[in-house]
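Single-structure report; data block below.
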Amino acid sequence: MKIETVERVPAWTHQAAEFCDYWDAPARALLWQMRTGKSKTIIDTLCAWYRHRELRSAIIIAPNGVHENWVRRELPKHAWIDYCAHAWTSRRARTKVHRGAVESLMITDQLSILAIGKESLLSRAVQKTVKRLLRRGPCALIVDESHHFGRPGARRTRLARGLAKRCAMRRILSGTATGNSPLRLFSQFELLNPGALGFSRFTGPSGFEARYAVLGEGYDPRSGRRYKRIDGYEHLDELQERVARWSSIVLREDCEDLPELVFSRQYYEPSPRQRQVYEQLRQSYMAELQSGELIEAADSGVRLLRLQQVLSNFVLTDTYEISTVDPSADPRLDALVELIDGPSVIWCRFVEDIRRVTARLRAESFSVVQYYGAVREDDRIRAQDRFASGEATIFVGQPGCAGEGLDLSAADAIIWFSHVFDVVMRDQATERATEVGGERVSVVDLVVADSVDEYILANLENKRSVADRVTGRELRDILERCMI
């Protein structure tokens with residue numbers, strides 16, 4: 001059946017093609033790179049299902065904060081039917097306004113849309129509301145940034161899978177579905193259909209993990225325990241084919257008018273005092289290794305984190321207090337100030353970085369907003385609105401909190417003040433400033449040569465190579481060749 005849509009925002013070619021060919025498919029995975037227009041395609045599909053498949057309700061699960069973006073920005077921009085939508089906010093769940101909004105979802109003749117943060121899925125009040133929506137009739141489940149459901153045994157994942165079985169339409173969305181490991185695909189595709197990737201179990205000798213992971217055995221002499229270790233991956237061509245049956249792949253270059261990301265590195269020299277402290281730490285860690293002392297993976301991560309913090313000009317004391325490494329100089333902050341030439345998003349791994357960056361930039365007369373875990377939900381919304389309107393020109397945030405789903409396209413540049421090891425977090429946050437028809441965006445990494453900075457960036461690139469093979473460019477090329 002051909003469906004006519006009322007174009008509120010013109011569709012890109014890939015959006016129109018996905019909608020035209022697969023709008024009525026019960027289950028699809030949109031593994032599109034960030035900012036390539038997944039939201040519009042999903043909203044068009046929901047509208048079509050409401051008009052032609054008697055869809056009554058839709059549940060959107062997204063990272064906290066991103067779920068509000070669906071209701072506040074995406075639905076008003078793209079929906080071409082009448083609908084009633086509400087974003088669940090736990091802090092307001094007991095208010096009359098919130099309860100009234102939920103009741104409106106239950107009684108309306110329009111499409112009812114409930115957006116919930118992924119953490120709220122564990123709430124009994126949310127679960128009760130979801131059950132009421134399901135009783136209204138055919139329901140759709142949209143899981144945005146589905147890589148958060150990559151752990152098969154997690155309670156949140158089990159709840160989502162149970163919900164998916166009761167929904168007539170199911171969609172998962174992610175530009176980073178593989179993330180750090182292709183094993184994370186199993187439970188995401190289970191949201192589409194049980195056994196979607198050809199396996200009913202994740203573990204066990206005939207399970208998904210045993211097929212695609214090269215499993216070894218590690219030994220921890222401290223506890224005397226042996227543990228399962230992943231030494232690599234295999235049969236990825238086969239996995240690629242299984243993923244392709246359910247998926248649409250869109251890359252940045254497939255989009256006619258998505259601005260270019262221009263990557264560069266800004267090298268700087270740490271102060272002599274920072275270099276001295278950094279080298280002392282590095283040498284002490286080397287001495288531990290040479291002595292034969294066992295260092296667990298978690299401890300290794302902490303050591304690298306400590307080296308990062310020295311480059312940010314602070315350390316944690318034995319009493320967990322923050323101490324400045326060099327009170328007389330801060331070359332990283334100096335380099336940051338020199339870089340800023342217009343509206344910018346600055347990503348910081350550490351909250352202490354956010355505090356120091358904000359204080360310095362405000363002292364330099366920049367208008368700055370902050371977005372991280374300790375910032376109240378209302379203040380986060382105001383920060384985003386101030387930046388979008390141009391009232392504030394600098395957005396300083398933690399990528400784990402603000403790096404997904406937010407529209408920060410008012411920025412001309414993304415600056416990584418301090419770096420994260422998580423490739424998903426990195427890539428999601430890097431794309432926040434792009435939008436259709438926008439200007440090219442500069443992405444700049446602050447780096448000390450031959451330091452932990454460069455190690456982290458190289459590590460991220462290695463992780464991307466596996467992801468690109470299973471759910472990226474190679475898979476897209478296969479899908480193009482398989483056109484009939």
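All values reported here derive from a predicted model rather than from experimental measurement.
Closest heavy-atom contact between V448 and D453: N-OD2, 3.0 Å. Heavy-atom minimum distance, A329 versus S271: CB-CB, 4.3 Å. Nearest heavy-atom pair across D412 and G342 is OD2-CA, 4.2 Å. When all heavy atoms of R171 and Y22 are compared, the pair lying nearest together is NH2-O, 3.3 Å. Heavy atoms only, all atoms of each residue included: N64 and G117 are closest at OD1-CA, 3.0 Å. The shortest non-hydrogen separation linking S312 to S418 is OG-CB, 4.3 Å.
Proximity of a side-chain donor or acceptor of K38 to a complementary backbone N or O of W32 within less than 3.5 Å is detected. In this structure a side-chain-to-backbone donor-acceptor pair under 3.5 Å is missing from R56 to S112. Checked by atom type and distance alone, the side chain of D144 never pairs as donor or acceptor with a backbone atom of H67 at under 3.5 Å. Looking only at distances, no side-chain donor or acceptor of R156 sits under 3.5 Å from a matching main-chain atom of L121. Between the side chain of R380 and the backbone N or O of V375 there is at least one donor-acceptor pair closer than 3.5 Å. Put simply, the side chain of S57 never gets that close to the backbone of L134: no donor and acceptor are under 3.5 Å apart. No donor-acceptor distance shorter than 3.5 angstrom exists from the side chain of W88 to the backbone of H98, with no hydrogens or angles considered. With hydrogens and angles ignored, the 3.5 Å screen pairs a side-chain donor or acceptor of Q15 with a backbone N or O of G37. A donor-acceptor contact shorter than 3.5 Å is absent between the side chain of E364 and the backbone of R360. Of the possible donor and acceptor atoms, one in the side chain of S187 sits under 3.5 Å from a partner among the backbone N and O of F149.
Distance CZ/R349 to CG/L305: 4.5 Å, rounded to 0.5 Å. Taking CD1 of I116 as the start and CD of E68 as the end, the distance is 13.0 Å to the nearest 0.5 Å. For the atom pair CE (M169) and CZ (R53), the distance works out to 11.5 Å, reported to the nearest 0.5 Å. Atoms CG and CZ, from L141 and R161 in turn, are 13.0 Å apart once rounded to the nearest 0.5 Å. In this structure, CD1 on I42 lies 4.5 Å from CD1 on I142, to the nearest 0.5 angstrom. Remark: Y83 OH to L105 CG distance equals 12.0 Å, nearest 0.5 Å.
When side chains are defined from C-beta on, I322 counts as touching R356, because their heavy atoms get closer than 4.5 Å. With a 4.5 Å cut-off on side-chain heavy atoms, L46 and Y50 do not count as touching. Put simply, the side chain of Q308 reaches to within 4.5 Å of the side chain of F421, judged on heavy atoms. Within the 4.5 Å cutoff, the side chain of Y372 has no heavy atoms near those of the V396 side chain. Side chains of D450 and E454 form a contact here, defined as non-hydrogen atoms less than 4.5 Å apart. Annotation: side chain of V441 is not in contact with side chain of V262 (no heavy-atom distance under 4.5 Å). Proximity of I43 to W70: side-chain heavy atoms (C-beta onward) are separated by under 4.5 Å at one or more points. Under the 4.5 Å side-chain criterion, counting only non-hydrogen atoms from C-beta, V325 is not in contact with Y278.
Using a cut-off of 4.0 Å between Lys/Arg side-chain N and Asp/Glu carboxylate O, K96 and E103 are scored as not salt-bridged. A salt bridge between R275 and D326 is absent, with no side-chain N of the basic residue lying under 4.0 Å from a carboxylate O of the acidic one.
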Open item on the list: One pair to check against side-chain contact (heavy atoms from CB on, under 4.5 Å): F350 and F314. What are the steps and the verdict?
Closed with: CA-CA 11 Å; F350 307 108; F314 71 91; 4.1 Å; yes
- [ ] Evaluate the side-chain contact (heavy atoms from CB on, under 4.5 Å) criterion for residues V345 and F387: first the C-alpha distance (whole Å), next the side-chain angles of each, then the deciding distance (0.1 Å), finally the verdict.
- [x] CA-CA 10 Å; V345 174; F387 186 68; 4.1 Å; yes
Open item on the list: Please determine whether side chain to side chain donor-acceptor pair (under 3.5 Å) holds for the pair T41 and E18, giving the CA-CA distance in whole Å, both sets of side-chain angles, and the decisive distance to 0.1 Å.
Closed with: CA-CA 7 Å; T41 305; E18 172 67 20; over 6 Å; no
Open item on the list: Set out, in order, the CA-CA distance, both residues' side-chain angles and the distance that settles salt bridge (Lys or Arg N to Asp or Glu O under 4.0 Å) for D379 and R382, then state yes or no.
Closed with: CA-CA 5 Å; D379 292 334; R382 279 193 287 271; 2.4 Å; yes
Open item on the list: side-chain contact (heavy atoms from CB on, under 4.5 Å) for R136 and T108? Distances and angles first, verdict last.
Closed with: CA-CA 10 Å; R136 282 172 45 86; T108 182; 4.3 Å; yes
TODO: Before giving the answer on side chain to side chain donor-acceptor pair (under 3.5 Å), spell out for T430 and W416 the whole-Å C-alpha distance, their side-chain angles and the decisive distance to 0.1 Å.
DONE: CA-CA 9 Å; T430 294; W416 282 91; 3.2 Å; yes
Open item on the list: One pair to check against side chain to side chain donor-acceptor pair (under 3.5 Å): Q309 and E352. What are the steps and the verdict?
Closed with: CA-CA 9 Å; Q309 290 173 341; E352 181 63 18; over 6 Å; no
- [ ] Start with the C-alpha distance between D407 and R72, add both sets of side-chain angles, then the distance that settles salt bridge (Lys or Arg N to Asp or Glu O under 4.0 Å), and finish with yes or no.
- [x] CA-CA 12 Å; D407 181 356; R72 287 164 52 84; over 6 Å; no
Open item on the list: Let's go through R426 and D422 carefully: what are the C-alpha distance in whole Å and the side-chain angles of both, what is the deciding distance for salt bridge (Lys or Arg N to Asp or Glu O under 4.0 Å) to 0.1 Å, and is it a yes or a no?
Closed with: CA-CA 6 Å; R426 162 78 186 204; D422 191 315; over 6 Å; no
TODO: Given side-chain contact (heavy atoms from CB on, under 4.5 Å), test S328 with R273 step by step and report yes or no.
DONE: CA-CA 9 Å; S328 65; R273 175 60 181 163; over 6 Å; no
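In the displayed structure, R151 atom CZ is contacted under 6.0 Å by at most 12 heavy atoms of other residues, nucleotides or ligands.
Aromatic pair H419/W347: centroids not less than 6.0 angstrom apart.
For the pair R51 and W80, the cation-pi criterion (under 6.0 Å, within 45° of the ring axis) is not fulfilled. The side-chain tip of R332 points at the ring of F417 from less than 6.0 angstrom away and within 45° of straight on.
Side chain to side chain, E145 and Q428 meet the donor-acceptor criterion of an N or O pair below 3.5 Å.
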